[in-house]
Protein chains: 2
Amino acid sequence: MDDEELFVLFRDNGYKVTTQRLAISKFILAREDHPSAEKIYKGLKTDYPTLSLGTIYKTLHTLKELGLIQELGFEEGSIRYDPNTSPHLNVVCTSCYKIYDYKSKTIEDFWSLIVSELKFKSEGQRFDIYHECDECKKLKK
Amino acid sequence: MDDEELFVLFRDNGYKVTTQRLAISKFILAREDHPSAEKIYKGLKTDYPTLSLGTIYKTLHTLKELGLIQELGFEEGSIRYDPNTSPHLNVVCTSCYKIYDYKSKTIEDFWSLIVSELKFKSEGQRFDIYHECDECKKLKK
DNA sequence: GTAACTGCAAACGCTTTGCACTCCC
DNA sequence: GGGAGTGCAAAGCGTTTGCAGTTAC
């Protein structure tokens, strides 16, 4: 999503277009590793030194409201933000909590089947699979 | 799981068998609504007035270690405890956060397919589907 | 007897809130 | 100019930790 699209989206939904909103939105929408608020903060503070964590949380809520991102809560207490709201599998490392998306026809097929089986309209979904990633395995050796 | 089985499980894994451990374990293992620590606390404090939340958290960690339960983190900050560790779908209400399990052949089949597709050993999984439950829909009318 | 467990309270960490200041529109 | 948005700091809240007293074995 480029500046122009975001600009229109915010304006049409009654949100003001601010430098911070654009920066945070572009940052999260471009990433596939589902960063935490802290990661976003660290990733942007060099370019936007006055940016605060509070603003990041508020912007993330706005983006969720607009349906652009999904929140993924984890047991260790943090929330990760996922810009992919279509059915996919989050491959999560049980050691470093790295996440990446996996998509395939298997998942699409499963989703159509399960939706017709359940007989109600879904408002979203979350599929996780947990395993230790290769990097973490190496570190233990 | 009855007292006898839990007794053996704890003893064989080097954990002492205490009244609190038995009570908390039986409580969580018998429920399908994935209660929070607070819910477990409220559910047991009448029968065990001196029981503390700290003990509940410690016991839940022990049960996780033993592979009897899974932790499900949510965006609103709480953790829910799921005694069903086999592949299933958590049907989650977006309004009251009520959860129930849904199992079917579709899910089993999907699981076998995805595991063979991914080519690594999984340490667990979590499948959620979000929608507003009937009760919450009624309340809004 | 002693090591593990419990209960309590204080500490923690992530997220939210309140409010004065700022900046879109 | 006015109201939404930002930045900062304080508050909130579920969970964890530390420790003295207790209990299983």
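Note on naming: letters A, B, ... go to the chains in the order of the sequence lines (proteins, then strands), and numbering restarts at 1 for each one.
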Exercise for the section: Using heavy atoms to find the nearest nucleotide of DNA chain C for B:Glu75 and B:Thr18 separately, return the residue whose nucleotide is more 5′. Expected result: B:Thr18
Exercise for the section: Specify the separation, in whole Å, of atom OH of B:Tyr41 and atom C1' of C:dC8. Expected result: 10 Å
Handout entry: Residue B:Lys16, side-chain heavy atoms: nucleotide from D:dC8, D:dG2, D:dC25 that is nearest
Key = D:dC25
Completion exercise
Rounded to the nearest 0.5 angstrom, the CD1-CG distance for A:Ile69 and A:Asn84 is 12.0 Å
Practice task
Answer yes or no: does a side-chain N or O of A:Gln20 lie under 4.0 Å from OP1 or OP2 of C:dC23?
Solution key: no
Fill in the blank from the handout: When rounded to whole Å, the NE2 to C1' distance for the pair A:His61 and D:dT6 reads 16 Å
Practice task
Could you tell me whether A:Thr50 contacts a base, only the sugar-phosphate backbone, or nothing, with contacts defined as non-hydrogen atoms closer than 4.0 Å?
Solution key: sugar-phosphate
Practice task
Let me know the distance between CG of B:Leu53 and P of C:dT6, rounded to the nearest Å.
Solution key: 14 Å
Exercise for the section: Ignoring the backbone of A:Thr59, work out which of C:dG7, D:dT16, D:dT6 is nearest its side chain. Expected result: D:dT6
Completion exercise
Result for 5'-nearest mapping on DNA chain D, choosing between B:Lys58 and B:Tyr15, is B:Lys58
Exercise for the section: Could you tell me whether B:Arg126 sits above the aromatic face of B:Phe74, with NZ or CZ closer than 6.0 angstrom to the six-membered ring centre and within 45 degrees of the axis? Expected result: yes
Problem - Nucleotide nearest A:Val17 when distance is taken to its side chain, options C:dA4, C:dT17, C:dC25 - result: C:dC25
Exercise for the section: Between B:Arg11 and B:Arg80, name the one whose nearest nucleotide on DNA chain D is closer to the 5' end. Expected result: B:Arg80
Handout entry: Rounded distance (Å) that lies between atom C1' of C:dT22 and atom CG of A:Leu51
Key = 15 Å
Handout entry: Short side-chain N/O contact to C:dG7 OP1/OP2 from B:Thr55, under 4.0 Å
Key = yes
Problem - Spacing of A:Ser104 atom OG and B:Ile114 atom CD1 [to the nearest 0.5 Å] - result: 4.0 Å
Practice task
Please evaluate the base of D:dG7 for a donor-acceptor partner in the side chain of A:Lys45 within a cut-off of under 3.5 Å?
Solution key: no
Practice task
Mind calculating the distance between CD1 (B:Ile56) and C1' (C:dC8) to the nearest angstrom?
Solution key: 14 Å
Exercise for the section: Hey, can you tell me if B:His131 and A:Phe120 have their rings parallel, tilted or perpendicular (30° and 60° cut-offs)? Expected result: parallel
Fill in the blank from the handout: A:Leu22 CG to C:dC23 P, in whole Å, measures 16 Å
Handout entry: Check: D:dG14 base within 3.5 Å donor-acceptor of B:Lys39 side chain
Key = no
Exercise for the section: Using the six-membered ring wherever Trp is involved, compare the ring planes of A:Phe110 and B:Phe110 and label them parallel, tilted or perpendicular (cut-offs 30° and 60°). Expected result: parallel
Fill in the blank from the handout: Among C:dC5, C:dG7, D:dG5, the one nearest any side-chain atom of A:Arg21 is D:dG5
Handout entry: Gap between atoms CG and C1', on A:Leu6 and C:dC24 respectively (whole Å)
Key = 17 Å
Practice task
Return the value, rounded to whole Å, for the distance between atom CD1 of B:Ile24 and atom P of C:dC5.
Solution key: 12 Å
